[in-house]
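Before any comments, here is the structure.
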Amino acid sequence: AATLGASASELAAVEEDLASARSATAIEVTLNRAAQRLASGQLVTPRGNSARDLFADVLARDPNNIVARQGLASVATKLAMNARADIDAGRLDSAEQLLKQAATIDASSSELEASWRALEDAKNAAAAAEEASRIAAEEEAAAAAETQRIAEERAARPVPVSSLNRTRYVAAKYPRAAERRGLDGWVDVIFTVGTDGKVKDIEVMGSEPGEIFVDSATDAVARWEFEPVVEDGQVVEKRAVVRLGFALE
């Protein structure tokens, strides 16, 4: 019985040694796979079979495994370095996600801290550039609006008829009613020279005496023709003003 008891004890020890050896072998295999994933850049994917997950699996079975701890630190460092590359390329959202993943693995990493600072600086620079772009766009829009306003104001402001090239002139007829009464007078007329050179939109700005000469003045102006007005290489409409005088000889 004693001999049998010793054999059972020895058998248990052997089984324990075998289990320990199997566990050590399994850990070694897992560490090798983790190292391969680390070298190939499979840091956090595929899920369950990435360098991070495999090193974490080893630590779950052997919390004091130095190789696994160092492996996880390497994963965090590489994630931070990848984040720096994304920062340099302007992929700030991607960089932030990588840094958050690194922080869950090794929040004390010096590379991680430096990368967070770089990300913050990049975000500030991007915000400043966006603000500068916004201001520049607003200034450009304001300048364009001002240019348009000036152009419209210039187009609306009447010019003396003498500044235009008139190609057809019709004299105003002296009204018989004014002639019989021996009246002299004048009519101020404002009108538009269209892009075809013809007159339109005739308005009377003032007249003396009364309106006796108005019809004669506007009838004459309506039949005038001009060379089309060209500004900045474009044919435009132009407002013009003229005073037509009426005097008996």
Side-chain angles (χ1 to χ4, degrees), residues 8-147:
S9 176
E10 289 173 0
L11 182 58
V14 169
E15 289 178 347
E16 185 177 346
D17 289 342
L18 284 173
S20 178
R22 289 193 192 98
S23 177
T25 300
I27 286 175
E28 189 65 27
V29 169
T30 302
L31 286 174
N32 287 336
R33 287 170 54 202
Q36 291 172 0
R37 299 292 187 273
L38 181 65
S40 64
Q42 295 174 287
L43 305 178
V44 294
T45 57
R47 188 170 183 178
N49 200 24
S50 65
R52 176 192 60 188
D53 295 334
L54 293 173
F55 283 128
D57 180 56
V58 170
L59 284 176
R61 288 182 281 172
D62 181 7
N64 297 318
N65 192 290
I66 296 176
V67 175
R69 289 187 180 279
Q70 291 175 340
L72 281 178
S74 295
V75 170
T77 298
K78 283 199 171 188
L79 286 171
M81 293 173 64
N82 290 346
R84 291 294 288 269
D86 277 351
I87 292 170
D88 293 340
R91 298 186 293 268
L92 303 187
D93 290 341
S94 174
E96 185 169 2
Q97 291 303 314
L98 289 173
L99 292 179
K100 287 179 178 179
Q101 290 175 336
T104 63
I105 298 170
D106 184 4
S108 65
S109 168
S110 59
E111 181 66 31
L112 177 61
E113 183 179 353
S115 296
W116 275 121
R117 287 197 301 269
L119 177 61
E120 189 65 25
D121 290 343
K123 284 184 175 181
N124 291 336
E130 183 177 352
E131 178 66 9
S133 178
R134 183 189 64 79
I135 292 173
E138 288 181 352
E139 291 177 346
E140 183 177 352
E146 178 65 10
T147 299

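This structure is a prediction, so every number in the text was calculated from the model and none was measured. In this chain, residues are counted from 1 in sequence order.
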Donor-acceptor contact below 3.5 Å, side chain [X] vs main chain [Y]:
| X | Y | value |
| --- | --- | --- |
| Lys78 | Leu38 | yes |
| Ser133 | Ala129 | no |
| Thr30 | Val58 | no |
| Thr104 | Gln101 | yes |

If I compare all heavy atoms of [X] with all of [Y], which pair ends up nearest, and what's the gap?
| X | Y | answer |
| --- | --- | --- |
| Gly48 | Leu54 | O-CD2, 4.3 Å |
| Ile87 | Ala122 | CG2-CB, 3.7 Å |
| Ile27 | Asn65 | CG2-ND2, 3.8 Å |
| Arg69 | Pro63 | NH2-O, 2.6 Å |
| Ala51 | Ala34 | CB-O, 3.7 Å |
| Leu112 | Ala102 | CD1-CB, 3.9 Å |

Side chains of [X] and [Y]: closer than 4.5 Å at any heavy-atom pair?
| X | Y | result |
| --- | --- | --- |
| Ser115 | Arg84 | yes |
| Arg37 | Leu43 | no |
| Trp116 | Glu96 | yes |

| Ile135 atom CD1, over 12 foreign heavy atoms within 6.0 Å |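 Enclosed: over 12 neighbouring heavy atoms sit under 6.0 Å from CD1 of Ile135.
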
| said: So for atom CD, which belongs to Glu130, do other residues, nucleotides or ligands contribute more than 12 heavy atoms lying within a distance under 6.0 Å? | reply: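 Check fails, neighbour count at 12 or below.
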
| request: Sorted by first residue and then second, give each salt bridge (charged side-chain N to carboxylate O under 4.0 Å, His left out) pair with at least one member in residues 131-145; sequence neighbours left out. | output: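 Checked against salt bridge (charged side-chain N to carboxylate O under 4.0 Å, His left out) - neighbours excluded - the pairs reaching residues 131-145 are Glu131-Arg134, Arg134-Glu138.
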
| Does the distance from a Lys or Arg side-chain N to an Asp or Glu carboxylate O, for Asp57 and Arg61, drop under 4.0 Å? |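 Looking at Arg61 together with Asp57, the answer is yes, because their closest N to O distance falls below 4.0 Å.
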
